[in-house]
Undergrad: 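Please see the structure below; I have some questions.
To find a chain, count down the sequence lines: A is the first, B the second, and so on, and within it residues start at 1.
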Amino acid sequence: MNLNDEEQAMLAGKLGEPKRWALDHMMKVGKMFDAADFVPVSQAHMMADTESLGNACVEFLEGLASHPPKQCRVAVPMITDPRGVDLSYYQPLGQTEAMANLERRTIAACSQMGILMTDTCINYQTIMPPLLGDHVAYGDTGVVIYCNSVLGARSNFEGGPSALAAGLTGRTPRYGLHLDKNRKATKRFVVKEQPKGLTDWGVLGGLIGRLCGSYWEVPVIEGIEVVPTSDEMKHMGAAMASFGSTPLFHIVGITPEAPTLAAVCFGAPPPAQQITKADLDALRSDFGGKGEKVDVVVFAAPQLSHVEMQQVADLLDGKRIHADTSLIVCTAPTVAADCDRLGIIPRIEASGAKVLRGTCFYNQYAREIGEANNWKRLLSNSTKIVNIIAGYGYDPALASMEDCVASAVAGEIV
Amino acid sequence: MTELKCHVGIGPLVEGTALVADDNFSARYDLDRIKGIFSRPQHKLVGQSYVDKILVLNTSKGGVASAWMLNEMKTRGIAPKAILFNAANTILAQGAALADLTMCDRFADGDITKLINTGDTLRVDPAQGLVTIITRF
C-alpha cells in the first residue's frame with residue numbers, strides 16, 4: 001500500500017503504539033483486499049458488546065487505553081453500537097456481576113480513548129447521519145447498509161478492531177465500497193408485491209439478501225411504488241445484511257445513487273428477477289406458527305426509533321402482558337431519554353413490558369438470559385432477529401408489531 | 001499433492017484437517033462458542049466441533065461481531081486453525097488480522113467446498129496464496 005508521510009510515521013511507531021497497531025492491522029486487511037492506499041474518514045462507529053469481546057478483547061482495549069491520551073485518543077468522532085449489558089437492568093435478566101464488570105471495564109477503556117458511548121445501531125436516525133459521498137468506518141451491518149444505500153455514504157462492514165483502527169488514525173484502507181466500481185449493481189430484482197409495514201419490508205430485505213448471498217453482490221430493486229419511511233428502510237436493510245452479508249442496495253428512483261437504473265449499472269443492466277408474493281411467503285414460512293406458546297416477545301434489531309416506541313406504546317395502552325410471557329423492547333439511550341420525557345416508556349412498562357437502554361437483544365448474552373428466564377419460543381417483528389437467534393437456542397417466529405403485541409397479551413401466537 | 005492457488009491471505013502458515021460444507025459462516029450466528037461446536041440448527045455442520053479444524057466454507061455472513069470473536073475464541077483455545085472461503089467478507093478478514101488467524105479466499109480452480117473434502121490434510125500458506133492438499137481422506 002502507498003503510505004503518506006504521516007502514515008509512515010504511524011507505522012514506525014512515532015505517534016505511539018495505538019496508532020502503530022492500527023496502521024499495521026489495517027494494512028493486513030488492505031492487502032487482502034488489494035487496497036492501494038488509505039482514505040480519510042469523517043466518523044467511526046464500533047461494535048464492542050462484551051459478549052463478543054470476552055475478557056481477551058477487553059484487555060486488548062485496556063492495553064490501548066493505557067497509553068498517554070495524545071497517543072490513544074481517537075482522531076475523528078467515534079461512537080459505539082449497542083452494548084451487552086444495560087447497567088440499570090441486568091440482574092433481573094439473569095445477567096451476572098461478571099458480565100456487568102466486563103461492561104464497566106469496556107466503557108472505561110473506550111471513554112479513555114475519547115469514544116462516545118452512544119450504544120446505538122440507529123445512529124443514522126439519532127446521532128449524526130453521514131452525507132452523500134461521505135467516507136466513514138461503521139460497524140454494525142445494519143448501520144452500514146442503511147448509510148451506504150439510503151444516504152449514499154461509503155463504508156465497508158467494519159468489525160470492532162477495524163472501526164477502532166479507523167477511529168485512532170482517521171482513515172481506512174481504500175477498498176470495497178469506498179471505490180465506485182464496487183457500488184454498481186450486480187443483481188436486479190423487480191418487486192411485484194408491495195410491502196406493507198415494517199415486517200414486510202424486513203422480509204423483502206431478507207429475501208433479497210438470501211438471493212444475493214455475498215458481500216460483493218449489489219442488488220438494484222425496481223417496482224417499489226411508495227417512498228418508504230426511514231424505519232421501513234432500517235428493517236429492510238438490517239434483514240438484507242443479515243441474510244446475505246449485503247452492505248449496499250439501490251432502489252431505482254428512491255436511493256440517492258439510483259435516480260435511474262442506468263445510473264447504477266455502468267452499461268447493460270443485470271438480468272431481472274421477479275420477487276412475488278409466493279417468494280415472500282416462502283421466506284416467512286420458515287418462522288413460526290399460530291397457536292403456539294410464546295415465551296418472549298422482542299422488539300429490537302435494530303433498536304426502536306421514537307416513532308416505533310410510540311407505536312408500541314399505543315398498541316399496549318390499557319393492556320397487560322400475559323403472566324407467562326415477557327415483552328422486551330430495546331432502544332438507544334437517546335431515544336429512551338426522550339421517551340421518558342414524553343411519557344412513552346411509562347406507558348409501555350405499565351403493561352408489564354420492559355424497555356432496555358443501549359442494548360440489543362441478540363448481543364446481550366442471548367443464550368444465558370434465555371436459559372435464566374426459560375425463554376425458548378421467541379416472537380418478533382424483526383426479520384433480522386428471527387434469522388440470527390436460533391443459533392442461541394431459541395425457536396423464533398415472525399409477526400407484525402400488532403400481532404406481536406396481541407400475542408404477548410394472549411401468551412400464544414395469535 | 002494437489003496445489004490450489006488463491007488470493008494472498010492473512011495469518012501464519014498452518015497445517016491441519018479440513019472440515020468442509022457448502023454453507024456460510026458467522027461466529028455469532030452459527031457457533032456455540034462455549035462448547036466449540038456449530039449450533040445453528042440450519043447449518044450443515046450443526047453439532048460438529050470446529051476447534052483446530054481448517055474450515056472450508058462458501059462465504060461469510062452478516063454480523064460484525066465475528067471480528068472480535070475470532071480473537072476471543074483463539075485466546076480460549078477454541079478457535080478453528082484456519083478458515084478458507086470462496087469469498088470472505090471484510091469482517092472475517094478483519095477478525096483474522098486481529099487474531100492472527102489464517103484465512104484465504106478467491107481460489108483460481110473454482111468452488112473450494114468441492115475441491116477439498118472433510119478429513120483432507122491441508123497446508124495453508126497465506127503469504128503465497130497457496131493451499132496444498134497433503135493427503136486425501
Side-chain angles (χ1 to χ4, degrees), chain A residues 24-29 31-34 46-49 51-57 59-60 81 138-145 156-163 165 175-177 209 213-216 238 240-247 286 362-363 367 384 387-393, chain B residues 6-11 24-35 37-43 46 58-76 78-79 85-100 103-106 126-127 129:
Chain A
D24 179 65
H25 170 82
M26 292 192 292
M27 286 182 69
K28 287 176 184 168
V29 178
K31 191 174 174 185
M32 182 155 174
F33 294 115
D34 303 314
M46 176 172 65
M47 197 293 297
D49 70 65
E51 183 206 334
S52 308
L53 290 165
N55 188 61
C57 298
E59 285 183 352
F60 171 78
D81 209 33
Y138 282 170
D140 192 296
T141 57
V143 169
V144 173
I145 191 170
N156 287 312
F157 284 171
E158 299 288 0
S162 293
Y175 70 93
L177 295 174
S214 162
Y215 185 83
W216 307 100
M240 198 184 299
S242 172
F243 276 75
S245 190
T246 309
D286 290 349
Y362 71 92
N363 63 2
R367 182 182 307 281
K384 173 176 177 171
N387 183 42
I388 64 183
I389 206 68
Y392 283 106
Chain B
C6 59
H7 195 278
V8 168
I10 288 174
N24 303 322
F25 182 79
S26 160
R28 165 160 271 160
Y29 296 2
D30 295 328
L31 305 184
D32 182 331
R33 291 171 290 115
I34 298 166
K35 295 177 182 168
I37 59 171
F38 281 85
S39 61
R40 179 178 159 94
Q42 296 87 355
H43 202 284
V46 65
N58 181 37
T59 189
S60 34
K61 292 182 299 199
V64 290
S66 297
W68 288 120
M69 285 176 174
L70 292 185
N71 187 50
E72 191 275 337
M73 287 154 60
K74 190 171 179 184
T75 307
R76 288 190 292 119
I78 56 153
F85 289 117
N86 281 318
N89 73 0
T90 61
I91 293 165
L92 269 291
Q94 296 157 5
L98 180 69
D100 200 26
M103 186 173 293
C104 289
D105 76 340
R106 285 163 283 173

Undergrad: Give a yes or no on whether the backbone of B/Asn71 and the side-chain of B/Thr75 come within a donor-acceptor separation of less than 3.5 Å.
TA: yes
Undergrad: Sort A/Met27 into side chain, backbone, both or neither according to what part of it lies under 4.5 angstrom from a heavy atom of chain B.
TA: neither
Undergrad: Classify the ring geometry of A/Trp216 against A/Phe33: parallel below 30°, tilted from 30° to 60°, perpendicular beyond 60°.
TA: tilted
Undergrad: Which of the residues B/Met103, B/Gln94, B/Arg40, B/Arg33 is involved in the greatest number of heavy-atom pairs with chain A at under 4.5 angstrom?
TA: B/Gln94
Undergrad: Heavy-atom pairs under 4.5 Å with chain A are the metric here; pick the option from B/Pro41, B/Ala96, B/Ala87 that has the most.
TA: B/Pro41
Undergrad: Does B/Arg106 have any side-chain hydrogen bond (donor to acceptor under 3.5 Å, both in side chains) partners at least two apart in sequence or in another chain, and if so, which?
TA: none
Undergrad: Are the side chains of B/Thr90 and A/Tyr175 in touch, meaning some heavy atoms are under 4.5 Å apart?
TA: yes
Undergrad: Counting only non-hydrogen atoms closer than 4.5 Å, does A/Asn387 touch chain B with its backbone (N, CA, C, O), its side chain (CB onward), both, or neither?
TA: both
Undergrad: Checking the side chain of B/Asp105 only, and the main-chain atoms of B/Ala88 only, is there a donor and an acceptor separated by less than 3.5 Å?
TA: yes
Undergrad: Checking A/Tyr362 against A/Glu51 for the side chain to side chain contact (heavy atoms under 4.5 Å, CB included) test, could you report, in this order, the C-alpha distance in whole Å, the side-chain angles of both residues, the deciding distance, and whether it holds?
TA: CA-CA 10 Å; A/Tyr362 71 92; A/Glu51 183 206 334; over 6 Å; no
Undergrad: Tell me, side chain or backbone of B/Leu92 under 4.5 Å from chain A's heavy atoms, or both, or neither?
TA: neither
Undergrad: Could you report the tightest heavy-atom contact between B/Ser66 and B/Ala27, atom names first, then the distance?
TA: OG-N, 3.0 Å
Undergrad: Looking only at heavy atoms and a cut-off of under 4.5 Å, which of A/Ala56, A/Ser162, A/Gly142 has the most pairs with chain B?
TA: A/Ser162
Undergrad: With chain B, which of A/Arg367, A/Met240, A/Met26 has the greatest number of heavy-atom pairs at distances under 4.5 Å?
TA: A/Arg367
Undergrad: Look at the side chain of B/Ser39 and the backbone N and O of A/Gly391, then say whether any donor-acceptor pair between them is shorter than 3.5 Å.
TA: yes
Undergrad: Looking at B/Ala67, B/Pro126, B/Gly95, which makes the most heavy-atom pairs under 4.5 Å with chain A?
TA: B/Ala67
Undergrad: For A/Asp49, is it the side chain, the backbone, both or neither that has a heavy atom under 4.5 Å from a heavy atom of chain B?
TA: side chain
Undergrad: For chain A, which of B/Ile34, B/Asp32, B/Thr59, B/Asn24 has the most heavy-atom pairs under 4.5 Å?
TA: B/Asp32
Undergrad: Among the options A/Glu158, A/Met32, A/Lys384, A/Lys31, pick out the one with the most heavy-atom pairs lying under 4.5 Å from chain B.
TA: A/Met32
Undergrad: Look at A/Gly393, A/Gly160, A/Ala165 and state which one has the largest set of heavy-atom pairs under 4.5 Å with chain B.
TA: A/Gly160
Undergrad: Count the heavy-atom pairs under 4.5 Å between each of A/Ala390, A/Pro161, A/Ala48, A/Cys57 and chain B, then report the option with the highest count.
TA: A/Pro161
Undergrad: Given heavy-atom pairs under 4.5 angstrom as the criterion, report whether the side chain, backbone, both or neither of A/Ala163 touches chain B.
TA: neither
Undergrad: If the condition is side-chain hydrogen bond (donor to acceptor under 3.5 Å, both in side chains), which residues does B/Asn86 pass it with, not counting sequence neighbours?
TA: B/Asn58, B/Asp111
